[in-house]
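Down below is the structure, laid out as structure tokens.
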Amino acid sequence: MNFKMMGRFIAQILGIEAFFMLPALAISLYDREVPAIYGFAASLLVIGTIAGGLGFFCRKSKRGFYEREGLACVGIAWIVMSLLGCLPFYFSGEIPCYVDALFEIVSGFTTTGASVLTDVEAMSRGLLYWRSFSHWLGGMGVLVFLLAIAPSGGRGGGFTVHLLRAESPGPNVGKLVPRMRQTAMILYLLYVVLTVLNIFFLLIGGMPLFDSLCTAFGTAGTGGFGIRNDSIAGYGPYLQNVCTVFMLLFGVNFSCYYLLLIRQFRSVFRDEELRLYLGVVAVSVLAITVNIRGFYDTLGETVRHAAFQVASIMTTTGFVTTDFDLWPGFSKTILLCLMMIGACAGSTGGGFKCGRLLLLLKGLRRNIRRVLYPQRVETVRVNGRTVEERVLENTNAYLAAYMVILVLSIAVVSLDGFSITTNLSAVLACFNNIGPGLDQVGPTCNYASYSVLSKLVLILDMLAGRLEIFPVLVLCSKSTWRRR
């Protein structure tokens with residue numbers, strides 16, 4: 001294990017985290033929010049000291065960075081980033097319990113949007129900005145950002161593919177262009193352009209600049225932290241429709257946008273995962289619209305709420321425009337299913353991913369055909385290409401780990417005595433990085449009533465869900481820490 005190289009990267013990540021705290025500190029200075037100013041200043045001092053110490057002791061790191069180091073580095077980096085990123089909330093006193101502050105920032109970085117705050121509007125603007133910006137930073141991944149700005153070659157040459165694969169969501173991560181650094185740059189450029197467009201359309205609709213920034217950060221990262229107690233419900237239909245469109249756009253595999261840029265339109269239209277994603281969205285919106293027709297005055301309002309919540313839940317954003325916990329059981333069941341399906345691989349969305357679901361369905365069809373025709377050689381093909389057996393094995397392993405963690409987490413949080421609906425939806429919402437669940441963690445409620453133990457379990461669920469499980473599990477394996 002190349003500990004010095006890992007320490008060097010973690011120091012750089014902490015430097016990036018400290019840099020992105022500066023705009024939030026500037027907002028606090030402008031508003032003269034003394035507790036928030038103290039919180040950010042003290043946090044920057046702590047983060048700077050730790051980053052400087054790591055950078056000094058690991059400055060002579062040697063080459064040799066492999067898949068094991070990549071997985072471990074991503075897992076440790078996200079944990080350290082969260083442990084320190086919550087300090088502004090804690091030092092300012094606006095979230096006096098450290099575990100609650102940690103829950104809030106992990107929910108932000110993992111783009112979950114689950115909150116322990118009972119009155120969001122009481123929080124200072126500087127901390128609200130940092131809370132929302134954590135979605136944007138965690139959406140594409142802070143290590144991907146590091147790869148985009150870090151110089152290529154040198155002592156770290158060869159490590160980029162392992163970091164990108166460990167942090168990027170999906171069953172199989174490939175290159176858009178031959179060099180991984182250029183791939184990371186393209187991903188972030190697309191991410192920034194879509195975010196700016198989102199802010200532009202929100203401003204056109206009359207949303208204030210601060211609200212537009214925070215809402216766009218949550219939409220881009222598919223996070224869902226609102227700056228109002230009613231999330232997006234207080235804004236007009238136009239703004240809600242803008243959020244619906246951009247949530248769906250950020251749930252699409254970013255490689256599709258790159259293919260559009262290089263004019264490979266046919267490849268995008270034939271993408272099976274994209275068609276599955278859009279098909280599930282369309283069917284879900286139609287089914288829920290029919291089911292909740294009597295809940296709203298007009299058909300247009302019904303379609304708007306149904307489309308918004310389907311987009312919000314399937315892309316794992318978590319914004320709300322209405323209390324869907326009051327909807328009929330059929331509609332809530334659809335939303336629970338969408339929680340598990342999630343968005344496309346290679347997007348900022350969470351969940352199981354449409355790509356994995358597609359592979360499982362095709363693998364199931366192959367196994368059925370093998371039973372019927374034992375002598376026939378069957379391969380799984382996606383978009384006209386044969387899928388490697390290694391990818392199918394990883395998908396099956398992911399499903400097994402997914403179910404085991406889900407069951408264990410539900411068992412632990414059930415110790416708090418809440419209903420099975422509350423516990424099941426809470427774990428699903430945190431593990432799939434969605435945010436709101438049902439019953440006592442529904443759209444109008446929060447996670448504050450859970451015990452410290454349950455919050456810690458849900459924190460681990462959020463991290464495992466965002467990092468696709470394996471980087472977190474690797475940290476628990478003894479073989480990870482053995483010398484080669």
Check your understanding: Can any side-chain N or O of Ser347 pair as donor or acceptor with the backbone N or O of Val252 at less than 3.5 Å?
Key -> no

Point to revise | Side chains of Leu338 and Leu335 in contact at under 4.5 Å (non-hydrogen atoms) | key: yes

Exercise for review: Without swapping roles, check the side chain of Thr219 against the backbone of Thr215 for a donor-acceptor pair under 3.5 Å.
Suggested key: yes

Revision key, fill the gap. Note: Tyr398 and Gly351 closest approach over all heavy atoms is OH-O, 4.2 Å

Review point. Under 3.5 Å, is there a donor-acceptor pair between the side chain of Asn423 and the main chain of Ile410?
Key: no

Revision key, fill the gap. In short, Gly75 meets Leu475 closest at the heavy-atom pair C-CD1, 3.8 Å

Practice item. Could you grab the distance from atom CD1 of Ile292 to atom CG of Leu326, nearest 0.5 Å is fine? Key: 11.0 Å

Review point. Taking the six-membered ring of Tyr235, is NZ or CZ of Arg228 closer than 6.0 Å to its centre and within 45° of its axis?
Key: yes

Check your understanding: Any side-chain donor-acceptor pair under 3.5 Å between Ser331 and Asn291?
Key -> yes

Practice item. First locate atom CD1 of Ile288, then atom CZ of Phe330, and finally report the distance between them rounded to the nearest 0.5 Å. Key: 8.0 Å

Check your understanding: Under 3.5 Å, is there a donor-acceptor pair between the side chain of Arg131 and the main chain of Gly226?
Key -> yes

Practice item. Decide yes or no for Phe225 and Thr317: does some side-chain heavy atom of the first lie under 4.5 Å from some side-chain heavy atom of the second? Key: no

Review point. Would you find a donor on one side and an acceptor on the other, under 3.5 Å apart, between the side chain of Arg356 and the backbone of Ile341?
Key: no

Review point. So do the side chains of Val380 and Thr386 get within less than 4.5 Å of each other, counting heavy atoms only?
Key: no

Study note, to complete from the structure: Between the NZ atom in Lys332 and the OG1 atom in Thr421, the distance rounded to the nearest 0.5 Å is 7.5 Å

Review point. Between atom CE of Met207 and atom SG of Cys243, what is the distance when rounded to the nearest 0.5 Å?
Key: 5.5 Å

**Study point:** Nearest atoms (heavy-atom pairs only) where Leu194 meets Phe246
**Key:** O-CE2, 3.6 Å

Check your understanding: Out of curiosity, Leu463 CG to Ser82 OG, how far, rounded to the nearest 0.5 Å?
Key -> 5.5 Å

Review point. Between the main-chain N or O of Arg466 and the side-chain N or O of Asn433, is there a donor-acceptor pair closer than 3.5 Å?
Key: yes

Practice item. Without swapping roles, check the side chain of Thr315 against the backbone of Gly251 for a donor-acceptor pair under 3.5 Å. Key: no

Practice item. Starting from the C-alpha separation in whole Å, work towards a yes-or-no answer on side chain to side chain contact (heavy atoms under 4.5 Å, CB included) for Leu360 and Asn396. Key: CA-CA 8 Å; Leu360 286 176; Asn396 292 330; 3.5 Å; yes

Review point. Under the side chain to side chain contact (heavy atoms under 4.5 Å, CB included) criterion, do Val120 and Leu128 qualify, and how do the steps go?
Key: CA-CA 8 Å; Val120 174; Leu128 279 177; 3.7 Å; yes

Exercise for review: Would you check if the side chain of His135 reaches a backbone N or O of Gly108 as a donor-acceptor pair within less than 3.5 Å?
Suggested key: yes

Exercise for review: Would you mind reporting whether Phe265 and Leu259 have side-chain heavy atoms less than 4.5 Å apart?
Suggested key: no

Check your understanding: Is there a donor-acceptor pair under 3.5 Å between the side chain of Asp271 and the backbone N or O of Leu274?
Key -> yes

Review point. About how many Å separate OG1 of Thr222 and CZ of Phe250, when rounded to the nearest 0.5 Å?
Key: 9.0 Å

Check your understanding: Salt bridge between Lys353 and Glu468, side-chain N to carboxylate O under 4.0 Å?
Key -> yes

Practice item. Flag the pair Phe431 / Met339 as yes when at least one side-chain heavy-atom distance between them is below 4.5 Å, and no otherwise. Key: no

Exercise for review: Check the pair Val320 / Ser312 against side chain to side chain contact (heavy atoms under 4.5 Å, CB included), numbers first and verdict last.
Suggested key: CA-CA 7 Å; Val320 295; Ser312 179; 5.6 Å; no

Check your understanding: Do the ring planes of Tyr129 and Phe133 sit parallel (below 30°), tilted (30 to 60°) or perpendicular (above 60°)?
Key -> parallel

Point to revise | Pairing residues for Tyr191 by the ring pair (Phe, Tyr, Trp, His ring centres under 6.0 Å) criterion, not counting sequence neighbours | key: Trp136, Tyr188

Exercise for review: For the residue pair Ser115 and Glu104, confirm or rule out a side-chain donor-acceptor distance under 3.5 Å.
Suggested key: yes

Practice item. Look at the rings of Phe103 and Tyr447 and say which category their plane angle falls in: under 30° parallel, 30 to 60° tilted, over 60° perpendicular. Key: tilted

Practice item. Measure from the side-chain N and O atoms of Ser454 to the backbone N and O of Tyr450, and report whether any donor-acceptor pair falls under 3.5 Å. Key: no

Practice item. Decide, yes or no, whether a salt bridge links Lys362 with Glu273 under the criterion of side-chain N to carboxylate O below 4.0 Å. Key: no

Exercise for review: Verify whether one side chain among Asn432 and Tyr402 offers a donor that lies under 3.5 Å from an acceptor in the other.
Suggested key: yes

Practice item. Start with the C-alpha distance between Thr289 and Arg293, add both sets of side-chain angles, then the distance that settles side chain to side chain contact (heavy atoms under 4.5 Å, CB included), and finish with yes or no. Key: CA-CA 6 Å; Thr289 298; Arg293 178 65 183 88; 5.6 Å; no

Review point. Do the side chains of Leu261 and Leu190 get nearer than 4.5 Å, heavy atoms only?
Key: yes

**Study point:** Min side-chain heavy-atom separation Ile459-Leu456 under 4.5 Å
**Key:** yes

Check: residues 434-444 side-chain donor-acceptor pairs under 3.5 Å, at least two apart:
| unit_1 | atom_1 | unit_2 | atom_2 | d |
| --- | --- | --- | --- | --- |
| Asp439 | OD2 | Ser419 | OG | 2.6 |
| Asp439 | OD2 | Thr422 | OG1 | 3.0 |

Review point. Does a sphere of radius 6.0 Å around CZ in Phe210 hold more than 12 heavy atoms from other residues, nucleotides or ligands, not counting ones at 6.0 Å or beyond?
Key: yes

Exercise for review: Taking all heavy atoms of Ala401 and all of Leu473, pick out the closest pair and write down the distance.
Suggested key: CB-CD1, 4.2 Å

**Study point:** Pair Thr321, His305: side-chain N/O donor-acceptor within cut-off below 3.5 Å
**Key:** yes

Review point. Minimum heavy-atom separation for Ala345 to Asn253, with atom names?
Key: O-ND2, 2.7 Å

Check your understanding: Can you find a heavy atom in the side chain of Met314 that is under 4.5 Å from one in the side chain of Ser284?
Key -> no

Revision key, fill the gap. The side-chain hydrogen bond (donor to acceptor under 3.5 Å, both in side chains) partners of Tyr238 (sequence neighbours excluded) come to none

Revision key, fill the gap. Closest non-hydrogen atoms of Ser212 and Leu203, given as atom of the first, atom of the second and distance, are OG-CD2, 3.4 Å

